[in-house]
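Below: one structure, written as structure tokens.
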Amino acid sequence: MLKVILPDGNVLDYSRRVRPIDVAADIGPRLAKATLAAVVDGQTVGTDFYLPEEGEVSLRLLTKRDIESLDIMRHSCAHVMARAVMRLFEGVQLAFGPTVDGGFYYDFALEHSISESDFPKIEAEIAKIIKQDEAFERVEYPHAKAIELCEELGQTLKVEHLKEGLSDQSLVSFYRQGEFVDLCRGPHVPSAGAIGALKLLSVAGAYWKGDASNRQLQRLYGTAWFDKKDLDDYLAKLEEAKRRDHRVLGKQLELFLIEPEVGSGLILWLPKGATMRRELETFIYGELLKRGYQPVYTPTIGRVQLYETSGHYPYYADSQFPPIEMADGDRYLLRPMNCPHHIKIYQSKPRSYRDLPLRIAELGLVHRFEQSGELNGMTRVRGFTQDDAHIFCTEDQVADEFRGCLDMTQYVLKTLGLDEYRVRLGLRDPASDKYVGRAEDWDRAETALKEVCQEFDLPDLEVETGEAAFYGPKADFVAKDCIGREWQLGTVQLDYNLPSPQRFNLEYIGADNHPHQPVMIHRAPFGSLERFTGMLIEHFAGAFPLWLAPEQARVLVVSQKFEEYGRRVEQTLREAGLRVSGDYRPEKVGAKIRDAQLELIPYMFVVGGREMENETVAVRDRREGDLGSMALPEAVERLRTEIANKTLRQ
RNA sequence: GCCAGCGUAGCUUCAAUCGGCAGAGCACCGCAUUCGUAAUGCGGGGGUUAAGGGUUCGACUCCCUUCGCUGGCUCCA
């Protein structure tokens with residue numbers, strides 16, 4: 001006798017073996033048809049999964065309205081795609097085919113290299129399979145039998161996976177659909193017909209089991225939705241993201257330049273980008289000063305020995321520019337991080353516990369030799385400016401300092417309209433012995449970090465055990481932009497390593513008149529100015545709030561007859577501290593407006609005879625259009641207020 | 001670094017039939033126009049087709065090498 005408890009509290013009793021599909025059929029034929037999968041006691045299963053014969057289970061039937069179904073359906077898409085690829089090409093070895101955010105992929109090994117030109121025929125084959133609407137049939141085999149089957153099928157990667165990854169499983173499941181059989185945990189939708197709208201997106205290389213020393217496979221990415229409209233929306237979203245691409249906007253709006261003759265991954269900030277960056281720097285420095293940080297400036301190179309002491313050289317030699325060797329044998333390294341210089345500042349005089357916390361801040365330029373395939377616009381570069389600071393404090397001060405970092409991050413992000421951010425807290429794996437520092441210090445620090453995060457009521461705090469650095473726990477910031485994309489920004493990291501006697505041997509004199517080792521906190525909540533700026537370009541789609549806009553206003557004269565008045569207006573605005581230019585070309589106003597609009601200039605001041613007579617300007621807002629005439633001082637005041645408030649424009 | 005794709009004027013706007021004269025639009029420059037809220041008209045300059053090598057009577061086109069870019073993978077103090 002089995003009791004099946006449904007989400008609405010109804011209970012169905014069964015004295016025979018049933019599957020979710022049978023339960024659905026008992027409730028109604030329409031539901032039976034719509035059911036794609038089920039959740040039994042919290043576990044997602046296929047519709048043909050046999051429920052136990054005895055006892056009590058909770059059952060939730062999933063239709064395409066349930067969020068879990070999408071994932072299950074996409075997993076089925078991966079199978080259908082694999083089946084199509086196997087039909088079209090010879091010698092296909094299957095690897096893994098999971099779902100990912102927005103879609104799915106499958107990794108294959110095969111002779112033919114798949115390119116996008118193969119997509120139409122693969123998609124056509126997929127469409128055929130969907131139309132045939134064959135069932136996904138679950139079959140379970142003992143481990144040994146499964147190996148035998150995969151060997152028969154010639155699926156050596158699956159054999160390897162069975163022998164290595166699944167060696168502890170006595171029974172493994174396969175899914176069969178027509179001629180296609182694949183080792184798979186499932187669940188799947190009942191049949192291929194449940195798949196709605198599917199599209200292949202890209203093909204890329206991927207290593208077997210994610211290990212670069214293994215053979216490289218071909219990974220085919222796709223996306224799938226229940227409705228064509230959802231697919232179209234998703235594709236539109238990808239288009240929208242493309243429209244905001246900071247690499248394209250950066251060129252169009254003349255913000256920055258990457259010039260191969262200078263070097264890959266090296267940013268040249270053009271005047272407009274530099275103007276924006278200076279505004280950001282001023283803003284960030286202002287906040288740092290308010291929060292008790294002291295700015296310093298240090299050089300971008302240092303002796304190799306310094307980085308040997310820190311332990312970063314030669315450990316990271318592969319991702320550094322090689323040392324510069326001088327005639328006298330001295331070797332210098334382009335600094336890959338700022339901390340050693342800041343440590344030397346800490347050590348420049350004896351420190352007392354009364355000096356702590358000592359917060360040293362620098363927008364420090366560092367260079368790292370990132371792999372060529374990793375470079376990407378401003379977001380992954382070889383020279384970047386960290387919004388870096390190092391806090392030297394006592395163990396007791398860690399919680400307060402971390403609180404300060406969170407608070408500042410929240411404030412700065414909010415000012416930029418990035419209201420949502422989450423924190424990933426990386427803690428140590430207690431079972432591992434790779435960590436430096438005393439266990440009790442770690443425990444205290446990790447507890448403190450967790451408590452502070454809870455205090456901030458962060459919506460989805462992720463605590464990741466085993467993700468700490470070997471030298472200390474860390475918290476990474478991930479912000480969500482206005483179209484919902486997440487950007488990994490900066491980090492706060494505790495460090496028990498660099499202050500230790502094995503490294504720089506940092507000390508302060510405590511209240512007990514004895515030397516103690518301070519805790520060091522590395523923090524760069526926005527990561528790098530390059531990456532942060534790239535993110536802002538995409539977040540605002542190049543249409544910056546007035547305070548950040550490189551050009552805040554442009555004076556447009558209706559005809560060249562009014563150039564003199566126009567120049568007077570321009571000068572007045574400039575003297576009021578605004579970044580302004582004038583358009584005195586012999587063009588029609590319409591053309592000038594169009595150009596200014598395309599350059600995303602927030603305000604246009606149109607001046608002609610009427611304005612000259614009344615000492616006014618006709619103000620045009622980039623978004624709202626013509627605001628009508630106002631006296632010049634009134635217009636100036638409007639802009640100055642907007643700048644002072646760092647108003648976000650819709 | 002690895003896999004795949006791509007590289008034509010300042011421009012991620014793009015054309016050039018099978019290997020047969022490198023061509024538009026925008027931008028730029030000049031002239032005319034002096035105009036009221038998203039493109040005035042006419043004219044002009046601009047190219048070692050990423051670079052180098054090869055095949056060919058002939059290469060933007062086919063092959064090789066290098067550089068760069070794109071999408072992933074790997075890495076990330």
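Lettering follows sequence order; numbering is per chain, from 1.
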Check this for me, if you would: do Glu467(A) and Arg428(A) make a salt bridge, where the nitrogen-to-carboxylate-oxygen distance has to be below 4.0 angstrom? no
What nucleotide, of rC75(B), rA39(B), rA4(B), holds the atom closest to the side chain of Ser113(A)? rA4(B)
Using 30° and 60° as the class boundaries, would you call the ring planes of Trp208(A) and Phe96(A) parallel, tilted or perpendicular? parallel
Checking all strands, does Tyr221(A) fall into the base, sugar-phosphate, or nothing category for heavy-atom contacts under 4.0 angstrom? sugar-phosphate
Counting any heavy atom closer than 4.0 Å, what does Phe562(A) reach on the DNA or RNA strands: base, sugar-phosphate only, or nothing? nothing
So how far is it from Trp487(A) CH2 to Leu536(A) CG, rounded to the nearest 0.5 Å? 9.0 Å
Can you check whether any acceptor in the base of rG36(B) is under 3.5 Å from a donor in the side chain of Glu611(A), or vice versa? yes
Heavy atoms under 4.0 Å, any strand shown: does Ala469(A) hit a base, just sugar-phosphate, or nothing? nothing
Over all strands shown, is Asp245(A) touching base, sugar-phosphate only, or nothing at heavy-atom distances under 4.0 angstrom? nothing
What orientation do Tyr307(A) and His341(A) show, parallel under 30°, tilted 30 to 60°, or perpendicular over 60°? perpendicular
Is there a donor on the side chain of Gln216(A) or the base of rC2(B) sitting less than 3.5 Å from an acceptor on the other? yes
Rounded distance in Å - CD (Gln597(A)) to P (rG36(B)): 18 Å
Pairing nucleotide - rG23(B), Watson-Crick or G-U, each distance under 3.5 Å: rC14(B)
For the backbone of Met612(A) and the side chain of Thr616(A), can you confirm whether one donor and one acceptor N or O come within less than 3.5 Å of each other? no
Aromatic-base stack, Tyr316(A) on rA77(B), cutoff 5.5 Å, angle under 30: yes
I'd like the P distance from rC73(B) over to rU13(B), given in whole Å. 27 Å
Check the distance between rG36(B)'s P and Asp583(A)'s CG and give it to me in whole angstrom. 15 Å
Is there a Watson-Crick or G-U wobble partner for rG44(B) with both distances under 3.5 Å, and which nucleotide is it? rC28(B)
So, His112(A) versus Phe89(A), ring centres under 6.0 angstrom or not? yes
Just compare rU40(B), rG71(B), rA77(B) and give me whichever is closest to any side-chain atom of Tyr471(A). rA77(B)
It should be established whether Ser264(A) places a side-chain nitrogen or oxygen under 4.0 Å from OP1 or OP2 of nucleotide rG68(B). yes
Can you tell me how far C1' of rA4(B) sits from CG of Leu110(A), to the nearest Å? 12 Å
How many Å lie between CZ on Phe605(A) and C1' on rU37(B), as a whole number? 14 Å
When Lys209(A) and Gln493(A) are each assigned the nearest nucleotide of RNA chain B, the 5'-most assignment goes to Lys209(A)
Across the strands shown, which category fits Gly590(A) at heavy-atom distances under 4.0 angstrom: base, sugar-phosphate, nothing? sugar-phosphate
What's the gap between rC63(B) and rC18(B) when it is taken at their P atoms, as a whole Å value? 16 Å
What interatomic distance, in whole Å, is found between P of rU49(B) and the corresponding atom of rC62(B)? 15 Å
Rounded to the Å, how far apart are Met604(A) CE and rG36(B) C1'? 14 Å
Categorize Glu259(A) for me: base, sugar-phosphate, or nothing, with a 4.0 angstrom heavy-atom threshold over every strand shown. nothing
Classify the side chain of Tyr207(A) and the base of rG1(B) as holding, or not holding, a donor-acceptor pair under 3.5 Å. yes
Examine rU12(B): is either OP1 or OP2 under 4.0 Å from a nitrogen or oxygen in the side chain of Lys251(A)? Give yes or no. yes
Nucleotide nearest Ala204(A) when distance is taken to its side chain, options rU12(B), rG71(B), rA38(B): rG71(B)
Under 4.0 angstrom, heavy atoms only, what part of the nucleic acid is Gly210(A) near: base, sugar-phosphate, or nothing? sugar-phosphate
Please verify the inter-ring angle class for Tyr234(A) with Trp225(A); under 30° counts as parallel, over 60° as perpendicular, anything in between as tilted. tilted
Rounded C1' spacing from rC14(B) to rA9(B) in Å: 12 Å
When we call it a touch if two heavy atoms are under 4.0 Å apart, what does Ala206(A) touch: a base, just sugar-phosphate, or nothing? sugar-phosphate
rC73(B): pairing nucleotide in any strand, Watson-Crick or G-U under 3.5 angstrom: rG1(B)
If anything within 90° of 0 is syn and all else is anti, what is rC18(B)? syn
Upstream residue (5' side of RNA chain B) when Ser319(A) and Arg247(A) are each assigned their closest nucleotide: Arg247(A)
So for Ser310(A) and rA77(B), does any side-chain atom that can act as donor or acceptor lie under 3.5 Å from a complementary atom in the base? no
Rounded to the nearest Å, what distance is computed from the CZ atom of residue Arg594(A) to the C1' atom of nucleotide rC26(B)? 9 Å
How far, in whole Å, is rG43(B) from rA59(B) if one measures between their P atoms? 34 Å
What about Arg219(A), does its side chain sit under 3.5 Å from the base of rC3(B) through a donor-acceptor pair? no
Just to be sure I understand the rule, does Val606(A) reach a base, reach only the sugar-phosphate, or reach nothing, if contact means heavy atoms closer than 4.0 Å? base
Does the side chain of Asn338(A) get closer than 4.0 angstrom to OP1 or OP2 of rA77(B) through an N or O atom? no
I need the NZ-C1' distance between Lys592(A) and rU33(B), as an integer number of Å. 13 Å
Whole-Å gap separating P (rG72(B)) and CG (Leu375(A)): 14 Å
C1' spacing across the pair rG68(B) / rG52(B), given as an integer number of angstrom: 15 Å
Nearest to side-chain heavy atoms of Val589(A), which nucleotide of rU33(B), rG36(B), rG71(B): rG36(B)
Between rC76(B) and rA16(B), how far apart are the two C1' atoms, rounded to whole Å? 45 Å
Is the shortest side-chain heavy-atom distance between Arg620(A) and Ile593(A) below 4.5 Å? yes
Is a side-chain N or O of Tyr106(A) found less than 3.5 angstrom from the main chain of Val80(A), in a donor-acceptor match? no
Write down the partner of rU34(B) under the Watson-Crick or G-U wobble criteria, each distance required to be under 3.5 Å. none
Tell me which nucleotide, if any, is Watson-Crick or G-U wobble paired with rG7(B) when both distances must be under 3.5 Å. rC67(B)
What interatomic distance, in whole Å, is found between C1' of rG46(B) and the corresponding atom of rC11(B)? 14 Å
